[in-house]
K.L.:
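Quick one: the structure is below, and I'll ask about it shortly.
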Amino acid sequence: MKNILLLICCLVLFASCSDDSINDSDFLAGETFTDSNVRVLLLDSLTVKLSTMKFDSIVTSDGSRMLVGEYTDPVFGTIKSSSFIEMVPSSYDIDEDAYYDSIVFILRYDNYYYNDTIAENTYHIKELSEALSPDSEDDYFYNTSSVDYYEDDLGSITVAPRPIGRDSIYIKLDDTFGLDLFQKLQDEDLTDYDEFVDYFKGFVIQPDDTANGTVLGFSLSSDMRLYYSIAGETDTEDYYTSFTINTTSSPVPFFNQISAADPISYLSGLTDNEVNLYSEDAQDQSFVQSGIGITTRIEIPYLKSLGDIQGQGTLLSATLRIKPQANSYNDYLMLQDTLGVYVVDQNNDLSYQTSMEAILNTDNEEFDDIYYEVSLSSYLEDILETDLDNTDALILLPSDYTSKVDRVILDANLDSESPQLEIIYAIYDEDE
């Protein structure tokens, strides 16, 4: 604290006394301000503390995609995601002259992937033995939720995924299952939603337990198709009943179950959301892992020391820069272009998402100088204007962290000047 105040005093002594350097568009100055001698200070040594915390669980039933796959990360451990879905038919009617052909599940890519898509991936489709009904009182499913299923596969496939070059994966399902479903619809044993989901509760789509490939995003427009022919028809038209993923019921009978096994020892200690792993206890690093709920927490403990500067002050701008850890990312473990900025309270309970974004600056990438940059001006100005001590903190996560497994390792080494908070602060003396 003494070092901070000494720095501020030195800057006050050597700062310019000209108001030519003030950008009028950055603030609204009152008459007292404009009639005073103004000094503009550039402060870049205010303490920023980074730590890592982990939410007990995160809601994934409001996700924008299915996430299926598994890969092993040298830091975060084995990341695995399976999707639990309820299906509803487009029609409960099948022509009495129809006869069964086949049944398939169509997984439609949505262009999201994380880690290596070169390796082959195996996907298993299993039938649920339990209805998709959340255990929690808030009617949500979480990444830690679980629903029982039968062990036998209804279908499986091994494929080298092509999430960009192709549009879908066709998985043939068991004909015994398909024929039974066909006959129950044709015989009008299933005539409405309640009867249908009581008979067929849905699927889990999961990766092979030995996989080390990629986690893929599949569209919620993926569907199951029950193909049949009609006796006496001579044309080549395909007849089928489509079964779509139910995303309209409340609560939504869908979620991604996402887990991480055997991470490094630092992350293993994050047992609940009130534990903060400070960067100095993690080799000057901080961590972010979507889908799992691991996030970087940002504190600025001495912000209000700006009020100790003699004279009246105005915050003109505040920019935080944090570098990704060198060699922690590559073409497979890619960096997010932006990270959302959220607010948590002193117990690390999520309060709200702000309008701020941490944007990846790659202008000097050829010199290995890349960093996340976020403007904190409005947020810090609000804190400075209150008389109360601020007990909240900021956290970084991708805005769609419930539908991704992207990860980031952030540098918190003072030698690399990360993190760095750059504040431009104007002071004026009312007595002059």
Side-chain angles (χ1 to χ4, degrees), residues 48-58 60 67 70-81 114-115 143-144 215 258-300 320-330 332-344 347-350 353 357-360 370-374 393-421:
V48 178
K49 294 182 70 67
L50 297 187
S51 60
T52 304
M53 51 84 59
K54 179 179 180 292
F55 291 108
D56 296 332
S57 58
I58 60 174
T60 59
L67 286 174
E70 181 175 323
Y71 73 94
T72 299
D73 186 288
V75 174
F76 294 89
T78 299
I79 308 301
K80 179 180 180 180
S81 182
Y114 204 71
N115 204 42
N143 68 305
T144 55
V215 173
I258 311 171
S259 62
D262 301 320
I264 59 173
S265 58
Y266 304 130
L267 301 182
S268 296
L270 298 176
T271 54
D272 62 64
N273 67 323
E274 293 189 15
V275 175
N276 291 324
L277 171 65
Y278 283 95
S279 57
E280 56 265 32
D281 298 320
Q283 293 184 323
D284 297 323
Q285 299 173 109
S286 189
F287 307 89
V288 176
Q289 171 72 72
S290 300
I292 303 299
I294 295 174
T295 177
T296 285
R297 192 175 191 271
I298 303 168
E299 302 170 59
I300 309 171
L320 177 65
R321 298 182 182 91
I322 309 176
K323 296 179 179 180
Q325 182 70 51
N327 303 317
S328 68
Y329 53 92
N330 52 43
Y332 300 141
L333 302 174
M334 300 167 287
L335 295 174
Q336 282 267 314
D337 290 334
T338 62
L339 296 173
V341 181
Y342 301 75
V343 174
V344 293
N347 298 318
N348 287 339
D349 292 325
L350 186 64
Q353 181 177 2
E357 280 191 320
I359 300 172
L360 186 65
I370 69 173
Y371 51 85
Y372 284 99
E373 183 175 63
V374 56
L394 299 176
I395 62 169
L396 299 178
L397 275 171
S399 298
D400 49 355
Y401 65 91
T402 64
S403 297
K404 291 186 174 182
V405 292
D406 298 53
R407 40 79 103 196
V408 182
I409 302 174
L410 297 172
D411 189 350
N413 190 329
L414 294 179
D415 292 339
S416 61
E417 297 183 338
S418 176
Q420 183 181 63
L421 177 61

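By convention here, the first residue in the shown sequence is residue 1.
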K.L.:
Donor-acceptor pair, S418 side chain versus D411 backbone, under 3.5 Å?
P.N.:
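A pair under 3.5 Å: yes.
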
K.L.:
Please report the shortest heavy-atom distance between L350 and Y342, naming the atom on each side.
P.N.:
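Reported closest heavy-atom pair: CD1-CB, 3.7 Å.
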
K.L.:
Check for me whether the distance between the ring centres of Y401 and F55 falls short of 6.0 Å.
P.N.:
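Ring centroids of Y401 and F55 are no less than 6.0 Å from each other.
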
K.L.:
Identify the two heavy atoms, one from I258 and one from S81, that lie closest to each other, and give their separation to 0.1 Å.
P.N.:
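Where I258 meets S81 most closely, the heavy atoms are CG1-OG, 3.6 Å.
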
K.L.:
Is a side-chain N or O of N273 found less than 3.5 angstrom from the main chain of D56, in a donor-acceptor match?
P.N.:
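No.
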
K.L.:
For L320, does its backbone N or O pair with a side-chain atom of Q420 as donor and acceptor, under 3.5 Å?
P.N.:
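No; judged by distance alone, with no hydrogens or angles, the pair does not exist.
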
K.L.:
Hey, does the side chain of Y114 reach the backbone of M334 with a donor-acceptor pair shorter than 3.5 angstrom?
P.N.:
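It does hold such a pair.
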
K.L.:
Within a 6.0 Å radius of atom CD on E280, are there more than 12 heavy atoms belonging to other residues, nucleotides or ligands?
P.N.:
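Atom CD in E280 is crowded, with more than 12 foreign heavy atoms closer than 6.0 Å.
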
K.L.:
Mind running side-chain contact (heavy atoms from CB on, under 4.5 Å) on Q285 and L410 for me, showing each step along the way?
P.N.:
CA-CA 6 Å; Q285 299 173 109; L410 297 172; over 6 Å; no

K.L.:
Over all heavy atoms of both residues, which pair between F287 and L277 is shortest? Give the atoms and the distance, please.
P.N.:
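For F287 versus L277, the nearest heavy atoms are CE1-CD2, 4.5 Å.
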
K.L.:
In Å and rounded to the nearest 0.5 Å, what is the CG to CG distance from L50 to N413?
P.N.:
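One finds 11.5 Å between CG of L50 and CG of N413.
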
K.L.:
Considering all heavy atoms of both residues, which atom of Q353 and which atom of S399 are nearest to each other, and what is their separation?
P.N.:
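Minimum heavy-atom contact is NE2-OG, 3.3 Å.
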
K.L.:
Is a donor on one side and an acceptor on the other found under 3.5 Å between the side chain of S57 and the backbone of T144?
P.N.:
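Side chain of S57 to backbone of T144, a donor-acceptor pair under 3.5 Å: no, none is there.
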
K.L.:
What's the shortest heavy-atom distance between Y372 and Q336, and which atoms?
P.N.:
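Result for this residue pair: OH-O, 2.6 Å.
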
K.L.:
Apply side chain to side chain contact (heavy atoms under 4.5 Å, CB included) to L414 and list each qualifying residue two or more places apart in sequence or on a separate chain.
P.N.:
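Residues passing side chain to side chain contact (heavy atoms under 4.5 Å, CB included) with L414: none at all.
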
K.L.:
Is S286 reaching over with its side chain to a backbone N or O of T296, donor-acceptor style, under 3.5 angstrom?
P.N.:
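No, because the side chain of S286 does not come within donor-acceptor range (under 3.5 Å) of the backbone of T296.
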
K.L.:
Whether K49 engages the ring of Y278 as a cation-pi pair (distance to the six-membered ring centre under 6.0 angstrom, angle to the ring normal within 45°) should be assessed.
P.N.:
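The answer is yes, since K49 meets both limits relative to Y278.
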
K.L.:
Please list, chain by chain and in numerical order, all residues satisfying side chain to side chain donor-acceptor pair (under 3.5 Å) with S259, sequence neighbours excluded.
P.N.:
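None.
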
K.L.:
Hey, is CG on D281 packed in by over 12 heavy atoms from elsewhere, all under 6.0 Å?
P.N.:
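For D281, atom CG is crowded (more than 12 foreign heavy atoms under 6.0 Å).
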
K.L.:
Are the side chain of N143 and the backbone N or O of I58 linked by a donor-acceptor pair below 3.5 Å?
P.N.:
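Looks like yes, one N/O pair under 3.5 Å.
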
K.L.:
Sequence neighbours excluded and cut-off under 3.5 Å, please list the side-chain donor-acceptor pairs for residues 322-330, or say none.
P.N.:
from, atom 1, to, atom 2, distance (Å)
K323, NZ, S416, O, 3.1
S328, OG, Q325, O, 2.6
N330, OD1, Y332, N, 2.8
N330, OD1, L333, N, 2.7

K.L.:
If you measure from CG on L396 to CG on L339, what distance do you get to the nearest 0.5 Å?
P.N.:
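Spacing of CG (L396) from CG (L339) equals 5.5 Å.
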
